[in-house]
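Everything below concerns the one structure shown next.
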Amino acid sequence: MTNAGLTAAAGPRAEPAAAEGPRYDFRAAEPRWQLAWAERGCFRVEDVPTDGRPKYYVMEMFPYPSGKIHMGHVRNYTLGDVVARYKRARGYAVLHPMGWDAFGLPAENAARERGVHPAKWTFENIANMRIELKRMGLSLDWAREFATCQPEYYRHQQKLFLDFLKAGLVERKESWVNWDPVDGTVLANEQVIDGRGWRSGAPVEKKQLSQWFLSITKYAPELLAALDTLDRWPERVRLMQANWIGRSEGARLRFSLAAPEAGIGQVEVYTTRPDTLYGMSFLAIAAEHPLAAAVAARDPKAAAFIAECRRSGTSEVAIETGEKQGYDTGLRVAHPFIAGASYPVWIANFVLMEYGTGAIFGCPAHDQRDLDFARKYDLDVTPVVLPPAADPASFAVGTEAYVGPGTAYNSDFLDGLDVDAAKRAAIEALAARGVGEGVTNWRLRDWGVSRQRYWGCPIPVIHCAACGVVPVPDDQLPVKLPDDVTFDRPGNPLDHHPTWKHVACPACGKPARRETDTFDTFVDSSWYFARYCSPLADVPVVRAAVDHWMPVDQYIGGIEHAILHLLYSRFFTRAMKETGHIAVEEPFAGLFTQGMVTHESYRTAEGPAGTWLYPEEIEKRPDGTAVHRETGEPIVVGRVEAMSKSKRNTIDPGAIIAKYGADTARWFILSDNPPERDMEWTEAGVAGAYRFTQRVYRMAEALDGTAAADIPTAFGTDGRALRRVTHRTIAAVTEALDSFAFNVAVARLYELANAVSDAEKAAASAEPGLDWARREAVEMLARLSAPMMPHLAEEVMIRLHPGGATLVADLPWPEADPALLVAESVTIAVQIMGKLRGTIAMPPDSPAEQAIAAAEAEPNVAKALEGKRIVKRVHVPNRIVNFVVAG
RNA sequence: GCCCGCCUGGCGGAACGGUAGACGCAGCGGACUUAAAAUCCGCAGCCGAGAUGGCGUGGGGGUUCGAAUCCCCCGGCGGGCACCA
């Protein structure tokens, strides 16, 4: 280590010089208190408590066991721990559990790349991360820990699935998937990058597979409506979910083909604009539409066009370029209202099979995509909605569709109606003819949960040639993953396993095939919060336990899960209610979404992009520039951005805790800024937090000569002032913690520490009662900071009460003495026309006449008022006197 | 394109419509030290020699005795969704 570097200068030394005096030794203290809490079982609660304390369930999103904890975890679990410790002190029985989201692809990748079994890799990672989390001093009930990859967990998930199946909440259907032909697996949309598989790099194909779906769309209306009841969720998360669910009102209508094609006589279309039916100029269907397939069967050009669409997919590239492509099938459809009129049927790349019915009617004048398409292929553009104040004779649509309000025209019986009325009239007319009806459409689609992977929860069904799909009987659960699998070839190892999938049909006993797909890992995380309530039960959840603890009062995690995980959990909870497992519908009464942890990034100057460097590889110069620690070459200090392995701008929490201690890391991560915003991790900031831990400890040490005693009968000026600060701080920190303003709580505690420092200077005067006031202040400093710095708080308390202290973790939250919250004197600002002209000191709650009189007498104010006529005197008690003057 | 959020010193940020910039980081001056670190004392929005002078919360307007805060317009940044029919 070099002493020129900022990093070296800031850290504590391993061996303090003798002259420095004692220092807080976090290396000894933190493990000691962690052990004390564990031995006393401070954070344990019962599945079904009987002690009558009100319950509080706080939980952070459980980690994926990737190997090491990262700063995002530190922030997440620190935030949750502050809430847990604070609520516990406030008298709640707090359930604060931890577990592992342990299934997932990285374990399989490790198996393929390094030959280590996914289970071994996962459990080794868990063991390591558990040690790291324990070093943070979190107030967790570790007795509730589980990993989702344990059969003891996933057997209950299988049971839930079978219950859902029985209740009609599960469907097996064909669906289009992204297929990686090299890896032989289905890819999630996120895993398709520029039309290629993220691992294999092979062009992704669209393929139709039979998959299991959870019927989340059955709950679409209530999942949307209940968002309004989630008043302790961030507004933007509720908005994102509302957009995702995507309710729209429209009509479904059927167009008759002039001549049936392969037995298909009608095309069903969904539209939100039935009022524009008279502006129709074509009908377009998705490439995956059955009618398209029928045409392709006899028309090689159509087949080629469909193949082309399938290659580019409906994602990424095709959408980016935005080029509309179509193929005229030569088929014609009739208009529902205009007798004798017919329109061409196109296959178009911009029509999605997944939304609506996979077919649209094109009204180019009033839809931009339809217009782009019509212009490209020279189709008719007939406006049928006249904008307000536009002239029907001259109004025309050029390159921009008109989508605003207006009056129907060129539309026969709809003419003269506004858009809303025309929609209603059109729907009525469709219904009267029996060719359509008004419907509500949802963007939300059913949740495909089948994955062709090994490291996931097996889907507990058996396929029998005779009986069809047969659920695995309860007494055969769990369907365990086989251990002896190989990863030496692409595809699903479960499918390759020589014996696993071959079973007897539970219904008829004939040879049958086990389902080899496993669940999407989002299934694992959709009910773990319920399992925590009774983690050892031999049923998925014990009703009395979930009835007591659920819903989660405060859930904390990253905004990246704003949609999928939270929506799936909300669905799962409803499905569990329907199948009798739980009483509540909403799993998370309160949600807090934290910001990311960011850091400067560094890279070498050479090359177009340079090479990314880790923070410990560079050395900062006082002028802000940086050089390579070893080679001395100049380094480009890049943007502050989210910590990521690829940018190498990561800070290892383990190293920080080893160097500064858990309390310092926790304190810094809370103090820097509001927790919902992104924070920048800086070495200087951590060092500052570390200095504060030492300072607080020194304050306790400085009181070593004084004894704890009864409250004095009288205090001097300094003592009274200090006590006021102490009790104001109790009130302010309490308020800040209640509102997640942890950075403000930290600021108030710094202020209290500064007041203690002032009192230390005054202590030489030996004012009566001052030592007592100092003891009180330091004790409150410790107890109020205990949710943030729990180890230091214990250490300070044992110093203040040698031999006789109760664990801070067991102490109730301090209460401010209301008498001390009232100031002896208040400063009132005096304004003239809203401009500050002076201040006056008054007794609190002085009457208006007295305050105004004192304000007018203030020299600077009096001078400014000279020769002016006071028109109005505004008095706000204890705050403001404002004079409105004329002349 | 649609929807949402944000914009305050060098930086992170504080501020029930009521003294803008608390608190921290970085900085500057001083004490202690051979020196440094640590610690302690002090300074610190901008302009101004200075003032309880002026100007200041992205820009412009409005409401109000009084606006960082409420309303309208504009700009910038960030996020979500998106051939969604």
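A note on names: the letters A, B, ... follow the listed sequences, proteins ahead of strands, and every chain is numbered from 1. Not measured: the values here are computed from a predicted model.
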* Structure fact -> Interatomic distance, CG@Leu379(A) vs CG@Leu371(A), rounded to 0.5 Å, equals 10.5 Å
Hey, is the side chain of [X] pairing donor to acceptor with the base of [N] inside 3.5 Å?
X         : N      : result
Asn882(A) : C65(B) : yes
Lys324(A) : C83(B) : yes
Arg748(A) : A22(B) : yes

* Asked: Can you tell which of C40(B), U52(B), C65(B) lies closest to the side chain of Glu858(A)?
  -> U52(B)
* Nucleotide nearest Ala684(A) (side chain, heavy atoms from C-beta), chosen from A26(B), A85(B), A14(B) -> A26(B)
When you compare [N] with [M], how far apart are their [atom1] atoms, in angstrom units rounded to a whole number?
N      : M      : atom1 : answer
C16(B) : G79(B) : C1'   : 30 Å
C4(B)  : C55(B) : C1'   : 35 Å
C43(B) : G50(B) : P     : 16 Å
C70(B) : G66(B) : C1'   : 13 Å
A44(B) : A22(B) : C1'   : 15 Å
A36(B) : C28(B) : P     : 14 Å

Applying a 4.0 Å non-hydrogen cut-off, can you work out what [X] is touching in the nucleic acid: base, sugar-phosphate, or nothing?
X         : result
Thr839(A) : base
Asn441(A) : nothing
Tyr270(A) : base
Gly246(A) : nothing
Pro674(A) : sugar-phosphate

* Asked: Which residue, Ala829(A) or Met240(A), contacts RNA chain B at a nucleotide closer to its 5' end, judged by nearest heavy atom?
  -> Ala829(A)
* Asked: Do Phe740(A) and Phe742(A) make the cut of ring centroids closer than 6.0 angstrom?
  -> yes
* **Phe373(A)/Phe282(A) aromatic ring centres below 6.0 Å** => yes
* Asked: Which way is the base of G9(B) turned, syn or anti, if we draw the line at 90° from 0?
  -> syn
* **Donor-acceptor pair, side chain of His366(A) and main chain of Val385(A), under 3.5 angstrom** => yes
* **Pairing nucleotide - C32(B), Watson-Crick or G-U, each distance under 3.5 Å** => none
* Asked: Between Glu235(A) and Arg238(A), is there a salt bridge with N-O shorter than 4.0 Å?
  -> yes
